[in-house]
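Please read the structure below before turning to the comments.
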Number of protein chains: 2
Amino acid sequence: MDFLTKKIPDNELKLMYKDYDSLGFGMIYTDYMFTMKWTKEKGWEKGELKKYEPMSFDPASVVIQYSQEVFEGMKAYYSEDGRVLLFRPFDNAKRMYKSAERLCMTPVPEDVFVEAVKELVKIDKRWLPKEKGTSLYIRPTLMGTGVALGVHPSPEYNFCIFITAVGAYFSSGFNTVSLYVEDKLVRAVVGGVGDAKTGGNYAASLLAGLKAEKEGFSQVLWLDAKENKYIEEAGSMNIFFVYGNKLVTPKLTGSILPGITRDSVIKLAAHLGYEVEERNISIDEVVKGIKDKEITEMFGTGTAAVIAPVGGLCYKGETVYAGDNKVGKITEELYNKLVNIQYGEDEDIFGWVETVDTI
Amino acid sequence: MDFLTKKIPDNELKLMYKDYDSLGFGMIYTDYMFTMKWTKEKGWEKGELKKYEPMSFDPASVVIQYSQEVFEGMKAYYSEDGRVLLFRPFDNAKRMYKSAERLCMTPVPEDVFVEAVKELVKIDKRWLPKEKGTSLYIRPTLMGTGVALGVHPSPEYNFCIFITAVGAYFSSGFNTVSLYVEDKLVRAVVGGVGDAKTGGNYAASLLAGLKAEKEGFSQVLWLDAKENKYIEEAGSMNIFFVYGNKLVTPKLTGSILPGITRDSVIKLAAHLGYEVEERNISIDEVVKGIKDKEITEMFGTGTAAVIAPVGGLCYKGETVYAGDNKVGKITEELYNKLVNIQYGEDEDIFGWVETVDTI
């Protein structure tokens, strides 16, 4: 693809951040961003790689007024053999395509999405730290930038991508977190937009997230909106319950985000010989399973943590712990195997890894 | 309040639009806008009246990424005796306050909200057309303008207000519209943010809205998300069913927007001697009521139309019409009484009208 590049003079490049371990998520942004505009008249125009900087929006634009926006989250990794890698970027492109359709937006062609991500990572690759566990977090975003105050799809879109450098997620050790089961507030409902990666789902989640943090828990665990009974997903992860050698995760009913890490864990676990069930699973079944020690491990899956061991669940004021609140064996095995694939150390048996560039 | 004003030189003011009848909604914006910033460090800073123009946003800001935004819709009217009027502005201020709390945003103090609206209307009043039925549509918007990529409330907010000049809603006559009853897609669910005026609800509504339009209907009529059975609200209006001398409207369950026009109609109708019921009302009951001619009139309420006569409902492929698809007597009576109060022609018995300025 023929992108336009506005090269930043060397003396205007940002100073590099040195201490990645103390770096929070989303604190440091790289030099460049990618933007590409769509209009009814011209379709997709040429993309542009340019300095990361604020963008100009009409206050009446559809993204500001009616939150017509979808996004993706993905990472770039350094491999030991000196390559820059992406993990399943075409699946992010596909999911954003679907999200855009649900939100009545002009979708970004999948090959354009992936090529734009690659070009941005290439021009920003000095930001990619080399320590294992570190990465660049990439945020492709599609926004309705036109004005349609009468509640209609935007006549104009902007596809932008920016990057933030992130330290190792488990820099203080691969430890469990506990979740707060929210039984009043809900995230999404079947027939709504819960399976699209769109801002409104996240705005709707803020209050329950704060409540969980206030109670001392790292994230919410959401229940379904119809019966407040079936487990859906955690604040920023899908969730898995391990029964001995069997993994159970909520099936995708339409209100759950179809996580790419979730899908990877399902495929990887099956390949490793574990039984995997995608089905409705009630909070009562889970609490009983934990108390009866049938549930031996729990973990969440998502782009940020890859796999986050979950120790406890707080439901109606009572916190129950699986596996003595320790990281489970299967959790650790899946984490190591998946990370090794992502960092190009294990064989890419599923064809998930995409090389951006060789240093 | 001590607002800052950046006076636009007379020769830089926009040319006035002359033909209000052919003016669509949200096409023409006035000269000025109001903005006011909040930060953790300084709290609310001084507000500013300045030229209406695009605003600058970090692409990683919470309003762009996670749709942390709430807004209001309200109108300014010219009265025959030469005053500029607002209708129940403190109720808009109160609703935005509540919406902001639900979305974990720093709310705008209610008196600041109303005073800012008044100051903006005053400086922009040359845009207010004098013909009855015309008005200025005012859009206060509160946005999370800070960066918090880890899904947290914004550390910074911007409260902005802008205005669009609107022609008479019923310029081609006070006629009925028909609604498409959506029985798969949903707008909101109890426990979510359906009773907050936030962008995500509107993004989620776009697909069903397009579907309704494609089928030839002016708006969606939403059913509840749990049972797909009880009527909630229309695309941009609350809904009323008239049974002889009784008005029935869905009660506010938590997933329905608490419309200010809805509340005004309830109070006005009761004052006029009609019985008003707020209760759950199923689509089956309504369809039967229309077929049995028990439902004699239907109408929607909202800021844009005030009262919009509804003739037909299309449910599961069948369209049924109440009152022979004509504008009902009670609908017309309520419309005229309410509009006369809004335009300062009838006595303001409820204390709803606020004078901005006298010409």
Side-chain angles (χ1 to χ4, degrees), chain A residues 24-27 29 33 52 54-60 62-69 71 102-104 137 139 141 143-144 147-153 160 162 164 184-193 198-207 209-210 225-228 235-236 304, chain B residues 24-27 29 33 52 54-60 62-69 71 102-104 137 139 141 143-144 147-153 160 162 164 184-193 198-207 209-210 225-228 235-236 304:
Chain A
F25 175 73
M27 301 304 289
Y29 295 85
M33 66 189 291
Y52 180 88
M55 294 170 76
S56 179
F57 292 87
D58 194 307
V62 190
V63 58
I64 300 295
Q65 290 298 321
Y66 303 129
S67 304
Q68 196 190 23
E69 182 262 4
F71 68 92
R102 180 63 183 86
L103 276 293
C104 302
Y137 179 86
R139 175 59 63 96
T141 310
M143 304 164 281
V147 170
L149 211 60
V151 192
H152 274 88
C160 95
F162 60 86
T164 170
K184 283 182 191 70
L185 300 175
V186 298
R187 176 187 169 273
V189 65
V190 175
V193 294
T198 180
N201 293 331
Y202 295 81
S205 80
L206 291 170
L207 186 59
L210 287 188
K226 290 198 179 192
E227 299 184 60
N228 292 116
S236 64
Chain B
F25 175 73
M27 301 304 289
Y29 295 83
M33 67 189 290
Y52 180 87
M55 295 169 76
S56 179
F57 292 86
D58 194 306
V62 189
V63 59
I64 300 295
Q65 291 297 321
Y66 303 128
S67 305
Q68 195 190 23
E69 183 260 5
F71 68 91
R102 179 63 183 85
L103 275 295
C104 303
Y137 179 85
R139 176 58 64 95
T141 310
M143 305 165 280
V147 170
L149 211 61
V151 192
H152 274 89
C160 94
F162 59 85
T164 169
K184 282 181 192 69
L185 300 175
V186 298
R187 175 187 169 274
V189 65
V190 176
V193 294
T198 181
N201 292 331
Y202 295 80
S205 81
L206 291 170
L207 187 59
L210 286 188
K226 290 198 179 192
E227 300 184 59
N228 293 117
S236 65

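Computed from heavy atoms alone, side chains included, the values below leave out hydrogens, waters and symmetry copies. In the text below, chain A, chain B and the rest are named by the order of the sequence lines, each starting its count at 1. Given the structure is predicted, the values throughout are model-derived calculations rather than measurements.
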Determine the option with the most heavy-atom pairs under 4.5 angstrom with chain B, choosing from A:T198, A:L210, A:V193, A:N228.
A:L210
Engaged part of B:V151 at the chain A interface, taking heavy atoms whose separation is under 4.5 Å:
both
Choice from B:R102, B:M143, B:K184 maximising heavy atom contacts with chain A below 4.5 Å:
B:R102
Can you tell me which portion of B:E69 sits under 4.5 Å from chain A's heavy atoms? Options are side chain, backbone, both or neither.
side chain
Could you check whether the rings of A:Y66 and B:F71 sit parallel, tilted or perpendicular, using 30° and 60° as the cut-offs?
perpendicular
Which answer fits B:F57, side chain, backbone, both or neither, if we ask what part of it has an atom under 4.5 Å from a heavy atom of chain A?
both
Heavy-atom contact with chain B under 4.5 Å, split by part of A:N201
neither
Select one option (side chain, backbone, both, neither) describing which atoms of B:V62 are under 4.5 Å from chain A's heavy atoms.
neither
Verify side-chain contact (heavy atoms from CB on, under 4.5 Å) between B:Y29 and A:D58, making sure each step is shown before the conclusion.
CA-CA 11 Å; B:Y29 295 83; A:D58 194 307; 5.7 Å; no
All heavy atoms of A:V190 vs all of B:V186, minimum pair found to be O-CG2, 3.6 Å
Picking from B:A60, B:A204, B:C160, B:G235, which has the most non-hydrogen pairs under 4.5 angstrom with chain A?
B:A60
Quick check on the interface: out of A:P59, A:A203, A:G209, A:A188, who has the most heavy-atom pairs with chain B under 4.5 Å?
A:P59
Engaged part of B:S56 at the chain A interface, taking heavy atoms whose separation is under 4.5 Å
both
If one checks every heavy atom of B:M55 against chain A at 4.5 Å, the contacting part turns out to be both
Rounded to the nearest 0.5 angstrom, the OG1-CD1 distance for B:T141 and A:I64 is 9.0 Å
Interface residue of largest heavy-atom contact number with chain A, from B:M33, B:Q68, B:R139, under 4.5 Å:
B:R139
What residue in B:S205, B:G144, B:G199, B:G200 has the most heavy-atom pairs under 4.5 Å with chain A?
B:G199
Per-residue tally against chain A (heavy atom, under 4.5 Å) across B:A148, B:G192, B:A225, B:G150 peaks at B:A225
